Amino acid sequence: MSHIELIACHECDLLQRAVPIPAGGTLRCRRCNAELYRSHPNSLERALALSLASFVLFIVSNVFPIVGLSVSGTHVNTTLFGSVRVLYLDGMWPIAGLVFATTILMPALQIGAMLWMLLPLRLHRVPWQAAQVFRVFHLAKPWGMTEVLILGLLVALVKLAHIASIVPGEALWSFGLLMLVLAAASAAFDERVLWSRISAVQSPGAEGNGGMALHGAASAAGHHLALCHDCGLLMKLPAHAHDLSCPRCGAMLHLRRPASLSHTWAFLIAAMVLYIPANVLPVMYTSSLFGAQTDTIMSGVVYLWVSGSWSLAVIVFIASVAVPMLKILALSYLVISTQFHSHWLPEQRTRIYRLVEFVGRWSMLDIYVITMLVALVQFQALATIKAGPAAIAFGAVVVLTMFAAMSFDPRLIWDEAEKNHAWTRTQQ
């Protein structure tokens, strides 16, 4: 094939043709079934409208109280930032920083970056510093966890209902809307259309990688083509090139992530070490008129189960106990099988990797539950709750396993399969 627009799968590196798809359709890799791109009608216009709505909801969500408690005439309420502040003043600054980053800073960067790029394009102008802002968006997107925060709030409210009267705040509803609107904005934000629009404004009639020729090897690396994992640009690397950056967005270019397996192992081993104290040490200290009590993650699950909230008990157990352990086991399996040059079931192993990436953020659930409980149960002589050392260890496990998944390069799975001619495709 010659003079065609080529795309490379970001998970298996298979070179394929970029073909038109119907409105609302999805193009998937024919080898590993990863999503390559979608067709969104008026995608950037919809993303702009939803981003503006997200901006308004984000302001409301962080200005007004989320929820309040009332006990014997004493009323306590908190905003999200107020919850972070309580954790910081209690000396739990690592957890305070993690909650601030994942629920305030990263969503703000995500919304701001989309507006920064979409508003000028709406006026047919090139966004200033578009490449740098786009990379900020790519960095912030996986770490914004508004949907996990909402589920954490729900679990916290169930626990708080046994302590005091709950008074829902304005921010509770706006956060629920923000979760839906921000997810819709991210889904509508089509990066291919964005860069196509920017190129059209900069140089009308400019084309992408059309004109590249494809002969023989199935993977992009086989043709010395590198895929930018930030903006999706596919380009030819010069022979013996080192430390090259994407000409479109400025991200580092490489055929495979440097030292992918060793980095993944480093994050995994650290997560394994911290997983034990995260589940053994106290995650919360409760003081009340009836005495003091310490809780671990498992005792919190038992409390929800005994109190009749079985569905929430199952959710917390899966998110806080099962998922971190299964992520560690799954990533260990992927790294070991890749290191031993296994060409066994590459499709299934890629699905495992995809699942690990998807569920990683949901382990933050227990951190958000603790944050709300600590911020709200501050009735001095009546009852107070403080975070325990396990909260720091557990937060570190979540972050480390997410870094481990980001460090692992799934294309290494398919490199070995191609060497054994298991999945090599001939394109003509």
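Bear in mind that the values here come from a model prediction, so they are computed numbers and not experimental data.
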Give the minimum heavy-atom separation between Glu35 and His10, together with the two atoms involved. O-CE1, 3.2 Å
Should we say atom CZ of Phe55 is surrounded by more than 12 heavy atoms from elsewhere, each under 6.0 Å from it? no
Sequence neighbours excluded, every pair satisfying side chain to side chain donor-acceptor pair (under 3.5 Å) that has a member inside residues 321-337: Lys327-Thr401, Ser337-Arg349
How close do Val398 and Met364 get, heavy atom to heavy atom, and via which atoms? CG1-CG, 3.6 Å
Distance-only check: which donor-acceptor pairs under 3.5 Å involve side-chain atoms of residues 167-184, not counting sequence neighbours?
| from | atom 1 | to | atom 2 | distance (Å) |
| --- | --- | --- | --- | --- |
| Ser174 | OG | Ser61 | OG | 2.8 |
| Ser174 | OG | Ala171 | O | 3.1 |

Can you list the steps and then say if Leu121 with Leu194 is a side-chain contact (heavy atoms from CB on, under 4.5 Å)? CA-CA 9 Å; Leu121 282 177; Leu194 173 77; 3.4 Å; yes
If you compare all heavy atoms of Ala130 against all heavy atoms of Ile198, which two are closest, and at what distance to 0.1 Å? CB-CD1, 4.2 Å
Step-by-step salt bridge (Lys or Arg N to Asp or Glu O under 4.0 Å) determination, Asp190 to Arg192: CA-CA 6 Å; Asp190 193 320; Arg192 284 170 51 87; 5.2 Å; no
Let's go through Leu412 and Asp415 carefully: what are the C-alpha distance in whole Å and the side-chain angles of both, what is the deciding distance for side-chain contact (heavy atoms from CB on, under 4.5 Å) to 0.1 Å, and is it a yes or a no? CA-CA 5 Å; Leu412 297 173; Asp415 288 346; 3.9 Å; yes
Qualifying residue for side chain to side chain contact (heavy atoms under 4.5 Å, CB included) with Leu149, from Leu80, Ile66, Thr102: Leu80
What residue pairs, at least two apart or across chains, pass side chain to side chain donor-acceptor pair (under 3.5 Å) with a residue in residues 261-281? Trp265-Gln339
Straight-line distance of Ser320 OG to Ile297 CD1, nearest 0.5 Å: 5.5 Å
Tell me if the OH atom of Tyr88 is crowded by more than 12 foreign heavy atoms within 6.0 Å. no
Would a distance-only check, ignoring hydrogens and angles, find a side-chain to backbone donor-acceptor pair under 3.5 Å from Thr350 to Pro346? yes
What I'd like to find out is whether the side chain of Cys12 reaches to under 4.5 Å of the side chain of Pro410, using heavy atoms alone. no
Have a look at Ile367 and tell me which of Ile392, Val99, Leu87 forms a side chain to side chain contact (heavy atoms under 4.5 Å, CB included) with it. Val99
Do any N or O atoms from the side chain of Arg135 and from the backbone of Gly250 form a donor-acceptor pair under 3.5 angstrom? yes
Going from CG on Leu225 to CG on Leu253, what distance comes out if it is rounded to the nearest 0.5 angstrom? 11.0 Å
For Ser363 and Ala319, indicate whether the former's side chain and the latter's backbone hold a donor-acceptor pair under 3.5 Å. yes
Closest non-hydrogen atom pair between Ala396 and Leu274, with its separation: CB-CD1, 3.5 Å
If every non-hydrogen atom of Leu233 is compared with every non-hydrogen atom of Arg248, which pair is closest and at what distance? N-NH2, 3.4 Å
Give a yes-or-no answer on whether the side chains of Thr371 and Ser83 include a donor-acceptor pair shorter than 3.5 Å. no
Residues 352-376 vs salt bridge (Lys or Arg N to Asp or Glu O under 4.0 Å), sequence neighbours excluded, gives Glu11-Arg354, Glu147-Arg361
Does any non-hydrogen side-chain atom of Phe137 lie less than 4.5 Å from one of Val133? no
List the residues meeting side-chain hydrogen bond (donor to acceptor under 3.5 Å, both in side chains) with Arg125, not counting sequence neighbours, and say none if there are none. none
Main-chain N/O of Pro65 paired to Asn77 side chain as donor or acceptor, under 3.5 Å: no
For atom CZ of Arg122, is the number of surrounding heavy atoms from other residues, nucleotides or ligands below 6.0 Å larger than 12? no
Is a side-chain N or O of Arg38 found less than 3.5 angstrom from the main chain of Leu27, in a donor-acceptor match? no
Side-chain contact test, heavy atoms from C-beta onward, threshold under 4.5 Å: evaluate it for His138 versus Cys231 and give yes or no. no
Quick one, Leu153 with Met372, criterion side-chain contact (heavy atoms from CB on, under 4.5 Å). Give me CA distance, side-chain angles, the key distance, then yes/no. CA-CA 7 Å; Leu153 285 171; Met372 287 298 109; 3.2 Å; yes
Pair Phe189, Arg46 - check side-chain contact (heavy atoms from CB on, under 4.5 Å), show working. CA-CA 8 Å; Phe189 187 77; Arg46 289 170 53 210; over 6 Å; no
To the closest 0.5 Å, what do you measure between CG (Leu234) and CG (Leu227)? 6.0 Å
Quick one, Ile318 and Trp362 - any side-chain contact, counting heavy atoms below 4.5 Å? no
Do the non-hydrogen side-chain atoms of Thr103 and Tyr368 ever get within less than 4.5 Å of each other? yes
Distance (rounded to the nearest 0.5 Å) between Arg197 CZ and Trp195 CH2: 14.0 Å
Any heavy-atom pair between the side chains of Cys228 and Cys249 that's under 4.5 Å? yes
Where is the tightest heavy-atom contact between Phe64 and Thr79, given as atom of each residue plus distance? O-CG2, 3.6 Å
Are any side-chain N or O atoms of Gln129 and backbone N or O atoms of Pro127, one a donor and one an acceptor, separated by less than 3.5 Å? no
N/O donor-acceptor pairs under 3.5 Å from side chains in residues 107-120, not counting sequence neighbours:
| from | atom 1 | to | atom 2 | distance (Å) |
| --- | --- | --- | --- | --- |
| Gln110 | NE2 | Ser186 | OG | 2.5 |
| Trp116 | NE1 | Trp128 | O | 2.7 |

So do Ile104 and Asn62 actually touch side chain to side chain, heavy atoms under 4.5 Å? yes
Do Phe267 and Val399 have side chains that approach each other closer than 4.5 Å (heavy atoms only, starting at C-beta)? no
Determine whether a donor-acceptor pair (N or O, by modelled atom type, separation under 3.5 Å) exists between the side chain of Asn42 and the backbone of Glu45. no
Taking the ring centre of each residue, are Phe100 and Trp143 less than 6.0 Å apart? no
Side-chain (Ser260) to main-chain (Arg256) donor-acceptor, under 3.5 angstrom: no
How far does NZ of Lys386 sit from CG of Asp90, to the nearest 0.5 angstrom? 3.5 Å
Could you tell me the separation between the CE atom of Met92 and the CG atom of Leu98, rounded to the nearest 0.5 Å? 12.0 Å
